[in-house]
Participant: 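Sharing a structure with you now.
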There are 2 protein chains.
Amino acid sequence: MMTEPNQPLPRINSGSDLKTVLNKEGFRLTSQRQKILELFRDVALDHHLSAEEIHHQLVEQGEKISISTIYRALHVMVGLGLLQELELAEDRKYYELSTPFTSHHHHLVCVQCGAVQEFEEVSISDVGAGETQTRGFVLLNSQFTIYGVCPRCQNRLGS
Amino acid sequence: MMTEPNQPLPRINSGSDLKTVLNKEGFRLTSQRQKILELFRDVALDHHLSAEEIHHQLVEQGEKISISTIYRALHVMVGLGLLQELELAEDRKYYELSTPFTSHHHHLVCVQCGAVQEFEEVSISDVGAGETQTRGFVLLNSQFTIYGVCPRCQNRLGS
DNA sequence: TAAACTGTTGAAAGTCATTTTCAATATTTA
DNA sequence: TAAATATTGAAAATGACTTTCAACAGTTTA
Ligand SMILES: [Zn+2]
Ligand SMILES: [Zn+2]
Ligand SMILES: [Zn+2]
Ligand SMILES: [Zn+2]
């Protein structure tokens with residue numbers, strides 16, 4: 001559960017290891033699934049994407065992929081532990097690469113403008129792991145999400 | 001942000017103080033809104049309820065109230081800080097009385113059967129408050145939710 | 001108290017993210 | 001290569017939630 005600081009994160013490559021992960025559960029590696037993973041891998045900055053945003057980005061870069069395929073692929077990848085599903089906004093889900101492909105972190109969301117800031121705090125993950133173990137649960141995932149109003153939006157309201 | 005341990009929680013009563021809270025924002029106290037609050041106040045045990053469950057319970061106890069009214073009332077009450085909105089299951093929202101009417105706590109959810117366990121952990125809330133302040137956000141709400149598989153469901157799968 | 005004003009309700013229609021259906025296509029297996 | 005099985009795109013379906021609107025209720029004013 002502890003994250004080693006300053007360790008380079010493993011980089012999921014779109015080739016053979018992804019295929020292995022999929023095949024292990026009877027899934028196949030398709031170009032569409034590969035493209036979705038590559039998008040997460042290469043778009044390091046704005047890396048909380050909704051299904052529609054993923055679709056839009058891929059279509060924009062010339063890929064032929066339908067929105068249903070996006071939704072199906074997201075399910076598969078969450079199930080395989082490649083992606084995390086996040087509840088950042090009211091009406092849609094967001095996705096990001098899951099640990100260990102990215103560092104485990106939590107989210108601070110502005111409910112006005114949707115801006116998201118991330119922060120790491122090992123103690124939180126530790127509390128989660130402890131509670132889970134104490135109660136005999138198998139831990140799948142945990143999220144600490146803070147909803148608030150960012151400084152910019154505070155000013156905007158004040159004017 | 002600190003919670004005093006062993007302090008009796010204030011008990012929202014369905015009478016005048018609820019009226020005051022509503023009126024302050026231009027809302028009115030109606031019997032429907034009162035009934036919803038009473039349901040939360042009196043059903044101490046299974047106190048994470050979806051809109052549909054609230055509706056079902058009230059209809060079952062003979063109240064005349066529509067599902068649209070439930071949804072509207074939930075919005076109003078969340079806005080007033082009387083209720084908290086929770087992301088416990090995939091496809092619907094759950095609600096519970098918010099602090100200070102109940103103690104501030106976090107949730108451990110079994111993704112198989114939906115069972116929910118609660119736990120208090122002040123350090124988490126403190127971390128949240130700290131991060132929020134550091135970044136200049138106004139804190140509205142924070143949730144730490146752990147998703148896992150409960151012991152019973154582990155056995156069920158193993159058989 | 002009554003009229004005017006404003007908020008609320010129920011029923012039904014609408015919205016919209018997500019899921020499912022199904023025939024065509026791609027990948028894997030034999 | 002052919003059979004077997006998984007995946008895809010397009011369109012229809014689903015379902016939680018929201019909105020519309022006319023009737024109704026609580027509040028304010030005179
Ligand atoms: Zn903002
Ligand atoms: Zn993130
Ligand atoms: Zn369970
Ligand atoms: Zn709770």
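Letters A, B, ... mirror the listed sequences (proteins, then strands); counts begin at 1.
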Participant: Residues two or more places apart in sequence or in another chain: which of them pass side-chain contact (heavy atoms from CB on, under 4.5 Å) with A/T134?
Facilitator: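 By the side-chain contact (heavy atoms from CB on, under 4.5 Å) rule, A/T134 matches no residue at all.
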Participant: The helix from C/dT1-D/dA30 to C/dA30-D/dT1: angle between its terminal axes, five pairs each, to 10°?
Facilitator: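 Between the axes fitted at each end of the helix from C/dT1-D/dA30 to C/dA30-D/dT1 lies an angle of 30°.
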Participant: Would you indicate, yes or no, if D/dT18 has its OP1 or OP2 atom less than 4.0 angstrom from a side-chain nitrogen or oxygen of B/H75?
Facilitator: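 Yes, such a contact exists.
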Participant: Distance check needed: D/dG15 C1' versus B/R92 CZ, whole Å only.
Facilitator: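 Atom CZ in B/R92 sits about 9 Å away from atom C1' in D/dG15.
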Participant: Name all residues meeting the side chain to side chain donor-acceptor pair (under 3.5 Å) criterion together with A/E87; count only those two or more places apart in sequence or in a different chain, and write none if there are none.
Facilitator: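 Listed in chain order: nothing, the list is empty.
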Participant: Could you tell me which residues satisfy side-chain contact (heavy atoms from CB on, under 4.5 Å) with A/S68, sequence neighbours excluded, listed by chain and number?
Facilitator: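 Only A/S66, A/R72 meet the side-chain contact (heavy atoms from CB on, under 4.5 Å) criterion with A/S68.
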Participant: For a 4.0 angstrom threshold against heavy atoms of chain A, report the outermost contacting nucleotides of DNA chain C in 5' to 3' order.
Facilitator: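 Range of nucleotides touched by chain A: C/dA17 to C/dT28.
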Participant: With sequence neighbours left out, what residues match A/Q143 under side chain to side chain donor-acceptor pair (under 3.5 Å)?
Facilitator: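 Side chain to side chain donor-acceptor pair (under 3.5 Å) check on A/Q143 returns nothing, list empty.
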Participant: Mind checking what makes side-chain contact (heavy atoms from CB on, under 4.5 Å) contact with B/Q117, not counting sequence neighbours?
Facilitator: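 In terms of side-chain contact (heavy atoms from CB on, under 4.5 Å), with neighbours along the sequence ignored, B/Q117 is linked to A/R135, A/F137, B/L108.
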Participant: Rounded to the nearest Å, what distance is computed from the CG atom of residue B/D91 to the P atom of nucleotide D/dC17?
Facilitator: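 Taking atom P of D/dC17 as the reference, CG of B/D91 is at 8 Å.
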Participant: Each nucleotide N or O in nucleotides 25-28 of chain D that has a protein N or O under 3.5 Å away: list the pair and distance.
Facilitator:
from, atom 1, to, atom 2, distance (Å)
D/dG26, N2, B/R28, NH2, 3.4
D/dG26, N3, B/R28, NH1, 3.4
D/dT27, OP1, B/K19, NZ, 3.3

Participant: Output all residues satisfying side-chain contact (heavy atoms from CB on, under 4.5 Å) with B/S50, sequence neighbours left out; order by chain, then residue number.
Facilitator: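 Partners of B/S50 by the side-chain contact (heavy atoms from CB on, under 4.5 Å) criterion, ordered by chain and then number, come out as B/E52, B/E53, B/R92, B/Y94.
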Participant: Could you give the CD-to-C1' distance, from A/E87 to D/dA16, as a whole number of Å?
Facilitator: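 So the CD-C1' distance, A/E87 to D/dA16, works out to 14 Å.
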Participant: For a quick check under 3.5 Å, do A/Y95 and A/E85 share a side-chain donor-acceptor pair by atom type?
Facilitator: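 Yes.
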Participant: Return yes if some donor-acceptor pair links the side-chain N/O of B/Q154 with the main-chain N/O of A/G136 below 3.5 Å, else return no.
Facilitator: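 Yes; at least one donor-acceptor contact below 3.5 Å.
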Participant: Over all heavy atoms of both residues, which pair between A/V127 and B/S123 is shortest? Give the atoms and the distance, please.
Facilitator: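 Looks like CG2-OG, 4.2 Å.
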Participant: With sequence neighbours excluded, tell me which residues meet ring-ring contact (aromatic ring centres under 6.0 Å, His included) with B/H105.
Facilitator: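 Per chain and number, B/H105 pairs via ring-ring contact (aromatic ring centres under 6.0 Å, His included) with B/H107.
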Participant: Mind running a 4.0 Å heavy-atom check of residues 59-72 of chain B against DNA chain D and sending the residues that fall below it, in number order?
Facilitator: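 Only B/S68, B/Y71, B/R72 qualify.
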Participant: Closer to the 5' end of DNA chain C via nearest nucleotide, is it B/E90 or B/Q32?
Facilitator: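 Its nearest nucleotide lies further toward 5', so the answer is B/Q32.
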Participant: Kindly indicate, with the supporting measurements, whether the criterion side-chain contact (heavy atoms from CB on, under 4.5 Å) is fulfilled by B/L97 and B/L37.
Facilitator: CA-CA 8 Å; B/L97 277 183; B/L37 247 294; 3.9 Å; yes
Participant: Is there a path from A/I70 to A/V59 through hydrophobic residues (I, L, V, M, F, W, Y) whose side chains come within less than 4.5 Å of each other?
Facilitator: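 Looking at the clustering, A/V59 is in a separate group from A/I70.
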Participant: For B/H56, enumerate each residue passing the side chain to side chain donor-acceptor pair (under 3.5 Å) test, keeping only those at least two apart in sequence or located in another chain.
Facilitator: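 With sequence neighbours excluded, B/H56 shows a side chain to side chain donor-acceptor pair (under 3.5 Å) to no residue whatsoever.
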